[in-house]
**Student:** 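Dumping the structure here so I can ask a few things about it.
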2 protein chains.
Amino acid sequence: MKATIYDVAKEAGVSIATVSNAINGKGNVSKKRREQILKIMEQMNYQPNVNASALMGKKTYTLGLLIPDISNPFFSEIARAIEDQAHQLGYSVIMCSTDNKDERVERYIALLEQKNVDGILIGTGIDNLDILTNLQAKHIPIVMISRETTTLEVDTVVADDFVGGIMAAQHLAEMGHRSIAILSEQLKVSSARERIRGFKQGLQDLQIPFDDDNIVICDYMIQEGRRGAGELLGREDRPTALFCCNDVLAIGAMQEARSLGIKVPEELSIVGFDDTILAAVVDPPLTTVAQPIMSMAKQAFQLMITNLDEEEPVKKRIVLRPEINIRQSTARVKS
Amino acid sequence: MKATIYDVAKEAGVSIATVSNAINGKGNVSKKRREQILKIMEQMNYQPNVNASALMGKKTYTLGLLIPDISNPFFSEIARAIEDQAHQLGYSVIMCSTDNKDERVERYIALLEQKNVDGILIGTGIDNLDILTNLQAKHIPIVMISRETTTLEVDTVVADDFVGGIMAAQHLAEMGHRSIAILSEQLKVSSARERIRGFKQGLQDLQIPFDDDNIVICDYMIQEGRRGAGELLGREDRPTALFCCNDVLAIGAMQEARSLGIKVPEELSIVGFDDTILAAVVDPPLTTVAQPIMSMAKQAFQLMITNLDEEEPVKKRIVLRPEINIRQSTARVKS
DNA sequence: CTGAAAGCGCTTACAG
DNA sequence: CTGAAAGCGCTTACAG
């Protein structure tokens, strides 16, 4: 049987209240008693039961992490970064893959509530704002990572998608591209919208025209990237460069180009977004905009902790600068 | 404030015992009362506090999942499969990336114990057997997935790595390869040992000689795959085919071959293991042995549940047959 | 400086 | 069929 606070109290010849105080550094326990108790705890290999103390209003030291899919490389990297932050401070994190379905989001949130998590990190899109509003009404701390809602006051940390878009545009423009198309995720995804807005801004700054007909919307799958690229590359006046809102679409585009006999980067430049492991592994290696995942996780976790400890902290929105990793999928346009 | 069992009892005009019985289908609550109570629970949006009921010896409906690294594609796929199984039955899973370090394993296990998880799924290597023995002594159900310990009696589900190795050998042999080398993970990894044993068996069955000098050991990283492949490909009598114990090493080998100007598959055939997303994305697409991840997760979870419910169930070892996915990284040897 | 007692939100015999 | 009471492992005033 696991040792309880009663066992150590009996062993130490004190009351459980004193043991509790010794553990938590509360009340006034004499130094001598305290050390003696701590020693006994060690000997008995006593670990306080977190759930029991949570019942008395203390923290559960458990957090929920909502992301679209833990098996997607981008989100698994986010998850790892969050896990590491959490682990350092003794928090556990429960993974929740939502598949971007509100219905799954709701089930998961209900589950997390029942388990009294201290807070929820949200890295997935949520269509129905009421879900978030309800969470706030229940005073469950939330922080959004890599996703955002403009309408709600909630702590969020994102990469600067707008600037990322500009970077991609500038790079392509420098390489001499003038006929460029975009492969986008669904426009309800806030980051996709921002990336496109930034990209168009970047082109406009350089006086390069862009027509919205050159945007094709895809779901977040390689197959979809192929389909979208196929549509664009089949046009009479085919683009010389593609800006893709994520690496997965970029890879789909690369595959489609190859099967159409279009050489990357000689005949078609491709830039992705996210800099997942996939970008490094593909041939040619993908030029892509990298989000500072580690920093994002650190900041997000910091915000979470602050929420947990303070009363009504002022909501923050932290925007981190991305960087473009130029590899071999982009080249000067052939003249 | 969240509704408690007292709130619904008061609202229903009954005692909390009756509410509890109604929820759990215990005792004898009249149908009418039961329905009335359930309705009120619904109205009040009452969710029982799992941690409180866990205190009375019920389950926490929380499981731990130990894997080397959630950001590694193979393990993130395992994690997703486990998560889906768990979610269906109302279990949450806490992710624990161990980096294959016993010290991290121990910290995580201590954390999981404090949180009273119902059981722990282990998909990571553990060097110090005492860690597992202790877990068993504490009667914490464990099941191993994709890893095993022969010395301990513990439920485990693995792919048949031995057969996977044979499949790889047969495929390469059929393609006419006779000069073959192996890129292995550290030999302390049980699955790597089995894969190699199977591979050698496969060759031997076909009377193809193999020399252990042709095995190079690498850590689980692309860079290491490059290094290992470089070593092998630099030899005077360079092999015409490489069997790699996982996709990551295979991809490292592909990259190294390319940078040495050796064409895959024309001059060098490569087969990997695991069939992660990476295998599909790389060029040429990688021939690789696939583990039936979904089935493995299902079985592992099933074993877990059985452990949770039954007294001392007989320990099982479930071995699932892998399959080889032949893509374009392997070809007939040039004659 | 220390302990008795009440309470957190539940479940489980047990009595009626 | 239903409820009073004890108890799970803790924490927190409060009294001494």
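The chains referred to below are lettered A, B, ... by the order of the sequence lines, with proteins before strands, and numbering in each begins at 1.
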**Student:** Assign each of B:Ser30 and A:Val50 to its nearest nucleotide of DNA chain D by heavy atoms, then name whichever residue's nucleotide is nearer the 5' end.
**Tutor:** B:Ser30
**Student:** B:Tyr61 OH to C:dC10 C1': how many Å, rounded?
**Tutor:** 14 Å
**Student:** Counting side-chain heavy atoms from C-beta on, which of C:dT2, C:dG9, C:dT11 comes nearest to B:Asn24?
**Tutor:** C:dT11
**Student:** For A:Lys115 and B:Ser92, which I'm curious about, is there any donor-acceptor pair between the side chains at under 3.5 Å?
**Tutor:** yes
**Student:** Select one nucleotide: of D:dA4, C:dG3, C:dG9, the one nearest the side-chain heavy atoms of B:Ser15.
**Tutor:** D:dA4
**Student:** Consider the side chain of B:Met56, meaning its heavy atoms from C-beta on, and name the nucleotide among D:dA4, D:dG7, D:dT12 that approaches it most closely.
**Tutor:** D:dG7
**Student:** Over how many whole Å does the gap from B:Ile16 atom CD1 to C:dG7 atom P extend?
**Tutor:** 13 Å
**Student:** Without decimals, in angstroms, what is the distance between B:Asn116 CG and C:dC10 P?
**Tutor:** 17 Å
**Student:** So, the side chain of B:Asn100 versus the backbone of B:Pro68: is there a donor-acceptor pair under 3.5 Å, distance only?
**Tutor:** no
**Student:** What is the distance, to the nearest angstrom, from the CG atom on A:Asn21 to the P atom on D:dT12?
**Tutor:** 9 Å
**Student:** When you measure from the side chain of A:Ala52, which nucleotide among D:dG9, C:dT11, D:dT12 comes out closest?
**Tutor:** D:dG9
**Student:** Output the rounded distance in Å from NZ (B:Lys59) to C1' (C:dT11).
**Tutor:** 16 Å
**Student:** Between atom CD1 in A:Ile23 and atom P in D:dG9, what is the gap in whole Å?
**Tutor:** 14 Å
**Student:** Regarding A:Asp274 and A:Thr276, is there a side-chain donor-to-acceptor distance under 3.5 Å anywhere?
**Tutor:** no
**Student:** Could you say whether A:Thr4 or B:Thr18 is positioned toward the 5' end of DNA chain D, judged by the nucleotide with the nearest heavy atom to each?
**Tutor:** B:Thr18
**Student:** For D:dC10, does OP1 or OP2 lie under 4.0 Å from any side-chain N or O of A:Ser53?
**Tutor:** no
**Student:** Taking B:Ile16's backbone N and O only, do any of them form a donor-acceptor pair with B:Ser20's side chain (distance below 3.5 Å, no angle check)?
**Tutor:** no
**Student:** Starting at the 5' end of DNA chain C and moving along, which residue's nearest nucleotide shows up first, A:Leu55 or B:Lys58?
**Tutor:** A:Leu55
**Student:** Do side-chain atoms of B:Asn72 reach the backbone of B:Phe74 as a donor and acceptor pair under 3.5 angstrom?
**Tutor:** yes
**Student:** Taking only the side-chain heavy atoms of A:Arg33 (C-beta and beyond), determine which of C:dT2, D:dC10, D:dC8 contains the nearest atom.
**Tutor:** C:dT2
**Student:** Stepwise, does the salt bridge (charged side-chain N to carboxylate O under 4.0 Å, His left out) test hold for A:Arg317 with A:Glu148?
**Tutor:** CA-CA 9 Å; A:Arg317 179 165 176 275; A:Glu148 52 188 327; 2.6 Å; yes
**Student:** Measure from the side-chain heavy atoms of A:Ile5 and tell me the nearest of D:dC10, C:dC10, D:dT12.
**Tutor:** D:dC10
**Student:** Please report, rounded to the nearest Å, how far the C1' atom of D:dT2 is from the NZ atom of B:Lys32.
**Tutor:** 14 Å
**Student:** Under a 3.5 Å cut-off for both distances, is D:dA4 Watson-Crick or wobble paired, and to whom?
**Tutor:** none
**Student:** Whole Å only: how far is the CG atom of B:Asn49 from the C1' atom of D:dC10?
**Tutor:** 14 Å
**Student:** Remember a base hit wins even if backbone is also touched, and classify A:Asn51 as base, sugar-phosphate or nothing at under 4.0 Å, heavy atoms.
**Tutor:** nothing
**Student:** Just N and O in the side chain of B:Ser20: are any of them under 4.0 Å from OP1 or OP2 of C:dT11?
**Tutor:** yes
**Student:** Measure from the side chain of B:Tyr6, starting at C-beta and using heavy atoms only, and say which of D:dT12, C:dG9, C:dT11 lies closest.
**Tutor:** C:dG9
